[in-house]
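Encoded as structure tokens, the structure appears first; notes follow it.
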Protein chains: 2
Amino acid sequence: MNEIATDEQRQSSRPHQGRRAVISREDLMVAAMQLVGPNRSISTLSLREVAREAGIAPNSFYRHFRDVDELAVSLIEQAGGALRQVIGQARHRATSGRSVVRSSIEAFMEQLWGEQKYMQLLLREGTVGSEAFKAAVERQLVYFEEELCADLVRLASANETGIYKPALAARAITRLVFTMGASSMDLPEEKRPQAVEDMSTMVRMIVVGTQTIAEGHIQVD
Amino acid sequence: MNEIATDEQRQSSRPHQGRRAVISREDLMVAAMQLVGPNRSISTLSLREVAREAGIAPNSFYRHFRDVDELAVSLIEQAGGALRQVIGQARHRATSGRSVVRSSIEAFMEQLWGEQKYMQLLLREGTVGSEAFKAAVERQLVYFEEELCADLVRLASANETGIYKPALAARAITRLVFTMGASSMDLPEEKRPQAVEDMSTMVRMIVVGTQTIAEGHIQVD
DNA sequence: CCAATAATTATACATATGTATAGACAATAA
DNA sequence: TTATTGTCTATACATATGTATAATTATTGG
């Protein structure tokens with residue numbers, strides 16, 4: 001009769017032995033995200049704090065993560081995956097020539113302002129915290145670099161322009177966009193279009209630079 | 001007779017009323033610096049910890065700083081000033097044409113690896129922490145941008161090349177160099193030359209890009 | 001029903017933190 | 001000397017943390 005069986009979090013549908021989990025890893029991750037903010041970084045969250053926010057006893061935390069750091073790594077992977085997906089879609093939508101880079105940046109900035117807290121993890125906290133955490137962020141950055149590098153190469157051959165050290169160019173663009181994004185995070189609404197514009201110009205400089213160097217019109221000291 | 005009068009820290013040589021200060025702001029800043037490391041950021045230092053390191057009672061801290069955050073801001077200004085001075089000297093030494101940028105980067109990287117802990121503040125912690133702290137770091141970055149911008153303009157007119165939006169170019173270079181520097185901080189000794197090389201190439205892309213765009217050889221969408 | 005088992009809580013402990021209060025100390029001014 | 005005045009320490013308190021241990025709860029298999 002109790003067909004209620006609320007489809008709670010049947011995280012794995014296989015029948016359970018023992019008490020059913022009332023909370024999931026995801027719940028803890030959500031709780032942690034609610035605590036981070038412009039002046040609160042993951043690395044400063046305490047286990048008890050997260051548990052409190054999630055509404056569980058401190059010790060229950062251990063059922064899901066070894067410590068807050070492990071939670072942070074999971075969050076990084078989640079945030080990175082989401083961003084890559086969004087940008088991937090943007091790339092798909094606009095395969096027409098050079099607008100790829102542009103629309104990628106726009107997608108990036110949209111995600112940046114739509115999912116502030118998630119993006120903060122990737123953009124602002126990659127340089128502090130544990131070794132594991134920094135490594136996780138670095139991993140995400142490298143993913144972006146690789147995808148962007150492929151884009152640049154494809155773009156160059158499509159437009160029949162040269163390209164000098166595409167991997168380095170991709171790296172420069174990624175890092176630049178990420179830092180600029182980080183510092184643009186707390187811009188007021190009205191200044192955002194300008195920020196997008198500036199970032200596009202900067203990226204264009206790099207793209208034009210790598211092309212021009214490849215053309216050999218300028219000496220490479 | 002007691003001509004000992006060890007020239008301790010006569011922080012201000014004016015005669016004192018009351019007990020002489022046994023510790024100075026600088027001592028506390030030094031103590032704090034000894035505590036930071038690749039896995040320890042200023043924002044996680046506790047007042048008691050710093051006091052312990054400096055060898056004073058926790059409460060004595062208040063004689064010098066309102067809280068650890070205020071100390072952090074002082075450290076940022078110190079680190080920024082030192083770096084600007086080093087780079088300024090490098091710029092002075094090599095005013096011959098384009099090597100200015102190059103030797104600035106080299107000076108930057110030297111400082112980066114020589115004063116790791118100080119640089120960590122500027123490079124890695126600018127995006128977390130209090131509003132005051134972030135503002136202090138941003139201020140230092142802007143100083144760099146302005147000086148670099150002047151350099152770029154001077155360079156362009158000396159070489160009779162054009163330059164497109166020098167302020168943006170300077171900003172891109174500064175931010176890029178700072179992030180790349182940050183992530184190169186924990187590179188092993190043998191990989192550093194390659195890092196310098198890569199960073200120079202990236203900067204060159206931006207410089208060439210801004211020049212090329214100015215020349216009008218490439219359409220600006 | 002009962003036993004087994006897994007998830008969660010309750011309680012507790014040692015330790016850390018920021019800071020309030022009061023007193024000790026050292027220097028100057030009289 | 002003595003009074004005054006800054007600097008520093010000692011002690012204390014309320015509160016926070018990570019985690020160990022044991023008990024409680026809900027679920028499944030028999």
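Lettering of chains follows the sequences in order, A, B, ..., and the numbering in each one begins at 1. Source: prediction; values computed, not measured.
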Any salt bridge linking B/E77 with B/R139? Criterion: basic side-chain nitrogen under 4.0 Å from a carboxylate oxygen.
yes

Take the protein atom CG of A/L28 and the nucleotide atom C1' of C/dT8, then report the distance between them rounded to whole Å.
12 Å

Between B/D27 and B/S24, does any side-chain donor sit less than 3.5 Å from a side-chain acceptor?
yes

If you count every heavy atom of other residues, nucleotides or ligands that lies below 6.0 Å from A/E190 atom CD, does the total exceed 12?
yes

Rounded to the nearest 0.5 Å, the OG1 atom of A/T210 sits from the CD1 atom of A/I163 at a distance of 5.0 Å

I'd like to know if A/R175 pairs up with A/E138 as an ion pair, taking the criterion as any Lys NZ or Arg NE/NH1/NH2 lying under 4.0 Å from an Asp or Glu carboxylate oxygen.
yes

Lys/Arg-Asp/Glu bridge criterion (N-O < 4.0 Å) met for A/R102, A/E197
yes

Thinking salt bridges, do B/K191 and B/D186 make one under a 4.0 Å N-O criterion?
no

Spacing between A/L45 atom CG and D/dT17 atom P, to the nearest angstrom
10 Å

To the nearest Å, how far apart are B/E49 CD and D/dT17 P?
16 Å

Rounded distance [0.5 Å steps], CE in A/M180 versus CZ in B/R171:
4.5 Å

Taking only the side-chain nitrogens and oxygens of A/R52, find out if one of them lies under 4.0 Å from OP1 or OP2 of D/dT17.
yes

Under the ring-ring contact (aromatic ring centres under 6.0 Å, His included) test, which residues partner A/F178, sequence neighbours left out?
A/F108, A/F144

Interatomic distance where OH belongs to A/Y62 and C1' belongs to C/dT9 [whole Å]
14 Å

Between C/dA20 (C1') and B/D67 (CG): distance, integer Å:
17 Å

Atom-pair distance (CD on A/Q17; C1' on C/dT8), nearest Å:
16 Å

Through what angle, rounded to 10 degrees, does the axis of the helix from C/dC1-D/dG30 to C/dA30-D/dT1 turn between its ends, using five pairs per end?
0°

Check the interface with nucleotides 8-11 of chain D: list each N/O to N/O pair with the protein under 3.5 Å, or write none.
| residue | atom | partner | partner atom | Å |
| --- | --- | --- | --- | --- |
| D/dC8 | OP1 | B/V22 | N | 2.6 |
| D/dC8 | OP1 | B/I23 | N | 3.0 |
| D/dT9 | OP2 | B/A57 | N | 2.7 |
| D/dT9 | OP2 | B/S60 | OG | 2.7 |
| D/dA10 | N6 | B/N59 | ND2 | 2.9 |

Return the value, rounded to whole Å, for the distance between atom CG of B/L47 and atom P of D/dA16.
18 Å

Between atom CZ in B/F61 and atom C1' in C/dA16, what is the gap in whole Å?
17 Å

